[in-house]
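Read the structure below first, then the notes.
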Amino acid sequence: MSSPSDNYAGVWDTRIGFGERAALLSIDFMKAYTTEGADLHAPGVVAALPHAAQALAAARRAGIPVIHTNIRYQPGQFLDGGVWVKKAPVMKAMVDGNPLAEFCDEVAPRDNELVITKQYASAFFGTSLAATLTALGIDTLVLIGCSTSGCIRASAVDGLQHGFRVMVIRQAVGDRHPQPHEANLFDINGKYGDVIDGADFLAHLQEKGFLHDHD
């Protein structure tokens, strides 16, 4: 039997590349994923944090739009969580006042950066993200955050379906286990976007004239 890469070759391996104007989307970097002992703790997210911080710093230096997402529910009956919080009651941690629902310090939004609050996996579902990106003239969306098999994948699929070129920085996304992380990166790269290295993102910013070699 052929390897997955060989099986996909020539069928599900097209590269779409960057377009004319990119934005960086930092998805759900909340402390629940990086706090040891928390139910949502994901070692892969901890490992992704410094790489995500580098990508975020580069985007800020380049002056391209930076958007963050988080998840929030109304406590009590969690009606705004619908079936998802029934399937994944661990998500009930995402309420105001819970320290685990706060942004990780390394990638916390600045006061002038947009934060979009969502209730489901995709950053597009039930939010203003697509309209905001269109209004900004964005055609390429660069994803960092967590988790690879959940909100990253869902946002990549919806990003494609909303007409955006989706780039996922491999080192800057993470999950709680390596196997779903790698499997979903493989699927995203095959069907929904390009999985790139952090160096590829920096090279793009330099090529566009937003960064210089000494930056």
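Throughout, residue positions are numbered sequentially from 1 according to the sequence presented.
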Taking everything shown except [X] itself, do over 12 heavy atoms lie less than 6.0 Å from its [atom1]?
| X | atom1 | result |
| --- | --- | --- |
| Asp80 | CG | yes |
| Gln74 | CD | no |
| Asp111 | CG | no |

Working to the nearest 0.5 angstrom, can you tell me the gap between [X] [atom1] and [Y] [atom2]?
| X | Y | atom1 | atom2 | answer |
| --- | --- | --- | --- | --- |
| Ser5 | Phe186 | OG | CZ | 5.0 Å |
| Met30 | Phe103 | CE | CZ | 7.0 Å |
| Met167 | Ile144 | CE | CD1 | 15.0 Å |
| His51 | Leu56 | NE2 | CG | 14.5 Å |
| Thr35 | Leu40 | OG1 | CG | 10.0 Å |
| Ile169 | Asp194 | CD1 | CG | 12.0 Å |

Please verify the inter-ring angle class for [X] with [Y]; under 30° counts as parallel, over 60° as perpendicular, anything in between as tilted.
| X | Y | value |
| --- | --- | --- |
| Phe201 | Phe18 | parallel |
| Tyr73 | Phe78 | perpendicular |
| Phe164 | His162 | parallel |

[X], [Y]: one ILVMFWY side-chain cluster at the under-4.5 Å cut-off?
| X | Y | result |
| --- | --- | --- |
| Ile27 | Ile116 | yes |
| Phe29 | Tyr33 | yes |
| Val157 | Trp84 | no |
| Phe210 | Ile138 | no |

Met1 and Asp6: side chain to side chain contact (heavy atoms under 4.5 Å, CB included), yes or no, with the steps?
CA-CA 10 Å; Met1 181 179 293; Asp6 289 342; over 6 Å; no

Heavy-atom pair with the smallest gap, counting every atom of [X] and [Y]:
| X | Y | answer |
| --- | --- | --- |
| Val195 | Ile188 | CG2-CG2, 4.3 Å |
| Val95 | Ala101 | O-CB, 3.7 Å |
| Ile71 | Cys151 | CD1-SG, 4.5 Å |
| His181 | Val173 | CE1-O, 3.3 Å |

Under 3.5 Å, side chain of [X] to main-chain N/O of [Y], donor-acceptor pair present?
| X | Y | result |
| --- | --- | --- |
| Gln171 | Gly198 | yes |
| Lys208 | Ala62 | no |
| Tyr192 | Leu160 | no |
| Glu113 | Arg110 | yes |
| Asp139 | Arg21 | yes |
| Asn7 | Ser2 | no |
| Asn70 | Asp28 | no |
| Asn98 | Leu100 | yes |
| Thr127 | Lys118 | no |
| Ser155 | Ser122 | no |

When Ile152, Thr69, Val142 are each screened for side chain to side chain contact (heavy atoms under 4.5 Å, CB included) with Leu25, the one that passes is Thr69

Going by atom types alone, do Asp175 and Ser149 pair a side-chain donor with an acceptor below 3.5 Å?
yes

Would you say Arg170 and Asn189 are linked by a side-chain donor-acceptor pair, where the criterion is simply a distance under 3.5 Å?
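No, no side-chain donor-acceptor pair sits under 3.5 Å.
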
Walk me through whether Ile196 and Val168 qualify under side chain to side chain contact (heavy atoms under 4.5 Å, CB included).
CA-CA 6 Å; Ile196 63 173; Val168 177; over 6 Å; no

Show your working on side chain to side chain contact (heavy atoms under 4.5 Å, CB included) between His68 and Leu114 and close with a plain yes or no.
CA-CA 6 Å; His68 305 257; Leu114 178 63; over 6 Å; no

With the threshold set at 4.0 Å, does a side-chain nitrogen-carboxylate oxygen contact exist between Glu20 and Arg165?
no

Do Glu102 and Arg72 sit within salt-bridge range, that is, some charged N less than 4.0 Å from a carboxylate O?
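Yes, charged N to carboxylate O under 4.0 Å.
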
